[in-house]
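One structure is given here, and the rest of the page talks about it.
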There are 2 protein chains.
Amino acid sequence: MADGSRTPHAEVEEDPLLLDLHLCFDLHNTARAFGDVYRRVLRETGLTYPQYLVMVTLWEHGELPVKRISQLLRLDSGTLSPLLKRMEAAGLLTRNRSLADERSVIVRPTAEGTALRDTARDVPREIHAAAGLSAQEASALQQSLRRLAASLDAS
Amino acid sequence: MADGSRTPHAEVEEDPLLLDLHLCFDLHNTARAFGDVYRRVLRETGLTYPQYLVMVTLWEHGELPVKRISQLLRLDSGTLSPLLKRMEAAGLLTRNRSLADERSVIVRPTAEGTALRDTARDVPREIHAAAGLSAQEASALQQSLRRLAASLDAS
DNA sequence: GCCTATCCGATTGTGCACAATTCGGTAGTA
DNA sequence: TACTACCGAATTGTGCACAATCGGATAGGC
């Protein structure tokens, strides 16, 4: 923000929007707050949050086709293509056409990308600490969010 | 999406990310689902979700300086400036320097912008129906989200 | 072997989020 | 009055989300 108005929930509550907007609005605000925390926590790694998600999937699964990453992270090809190119330029991964199916592009972490896992080791703990939720609270919130998302998707 | 992979929560659950990521991930997915619904519901109005938020504040408050809109909606000037210009070009509002303080720009809905309220009349109800939550459930979820956002902001 | 439907990725264009900077305007102070 | 500190919008640049489209590749039916 260009000024100091990022102060947590100050002016908004005293002058609320119409009631129906609140839920989606709070959802966005919370996502934004998460974004701020991830930005700070990931600063050392040089990754953005979506890029961190990609690295986590590569650390967990090893090489993956773009299509699979898209499914796992629900990221569009229009998002993934330039994102993966930036990460390739940063030396974190390689992109190569599959020999078996030349439509498919296989993404593989480089040694540098794999090594970044050590730098990112504390990220989960720091995020968890910042959220300040118990495992039960987090799980309950997840349940609510998933039910809501399912309902929205189904509508 | 370019293909049919937007199917609600299919492949993700069978092959989960690390546990710590889930909460933020579900948050993003739910925000995305809300985005889809708002896009559909707002299609008739020609507004995007952030633009709808601006119109709602103008319908509620009448004319407002940009700074106030920024505070109410937590939108950055780098976001608001081009957004308001597009809305001005669409004939929904006017932007004029305040006579009292020429640093300030006052945003006013046009007649067309005010009339759009009728077109958007059913938006709250449709969103509520799509979410499928009782008032209690929605309120509880809001509480959780606000507590979480506050904790993240404070960290 | 050929044709067609389908799949996959990349690309293009628009809109939003955030950081950093710029610039004019205002107000407080010497 | 002149100087300075601060304020408010706008701009620039980067990155992500989504829609629409294209072109290459595969597989199935004939």
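Per chain, numbering begins at 1; letters A, B, ... match sequence-line order.
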Which of these nucleotides, [options], is closest to any side-chain atom of [X]?
X      : options                : result
B/Q51  : C/dA10, C/dG15, D/dA9  : C/dG15
A/T48  : C/dA10, D/dG15, D/dG8  : D/dG15
B/V66  : D/dA10, D/dA19, C/dA19 : D/dA10
B/R103 : D/dA10, D/dG8, D/dA19  : D/dG8
B/T79  : C/dT26, D/dT26, C/dA17 : C/dA17

Phosphate OP1/OP2 of [N] contacted by [X] side-chain N/O (<4.0 Å):
X     : N      : result
A/R74 : D/dA17 : no
A/R97 : C/dA10 : yes
B/S81 : D/dT11 : no
B/S77 : D/dA10 : no
B/R39 : D/dA19 : yes
A/K85 : C/dT11 : yes

**Item:** Residues B/E102, B/R97: salt bridge by 4.0 Å N-O rule
**Value:** no
**Message:** Is it true that B/S134 and B/E137 share a donor-acceptor pair across their side chains at a distance under 3.5 Å?
**Reply:** yes
**Message:** Assuming nearest nucleotide by heavy-atom distance, tell me which of A/D101 and B/V105 is located more 5' along DNA chain D.
**Reply:** B/V105
**Request:** Could I get the full list of side-chain contact (heavy atoms from CB on, under 4.5 Å) partners for B/S155, not counting sequence neighbours?
**Result:** A/V37, A/R40, A/A130
**Message:** Quick check on DNA chain C: between B/G78 and A/S104, whose nearest nucleotide comes earlier from the 5' end?
**Reply:** A/S104
**Fill in**
Sorted by position of nearest nucleotide on DNA chain C, 5' first, the leading residue of A/P65 and A/H28 is A/P65
**Prompt:** Do B/H28 and A/Y49 have ring centroids that are under 6.0 Å from one another?
**Reply:** yes
**Message:** I'd like to know whether A/V105 forms a side chain to side chain contact (heavy atoms under 4.5 Å, CB included) with A/K67, so could you lay out the CA-CA distance, the side-chain angles of the two residues, the decisive distance to 0.1 Å, and finally the verdict.
**Reply:** CA-CA 8 Å; A/V105 170; A/K67 177 65 177 176; over 6 Å; no
**Request:** Describe the nucleic acid contact of B/L80 in one word from base, sugar-phosphate, nothing, applying a heavy-atom distance below 4.0 Å.
**Result:** nothing
**Message:** Using whole Å, what does the distance between atom C1' of nucleotide D/dG15 and atom CG of B/D76 come to?
**Reply:** 14 Å
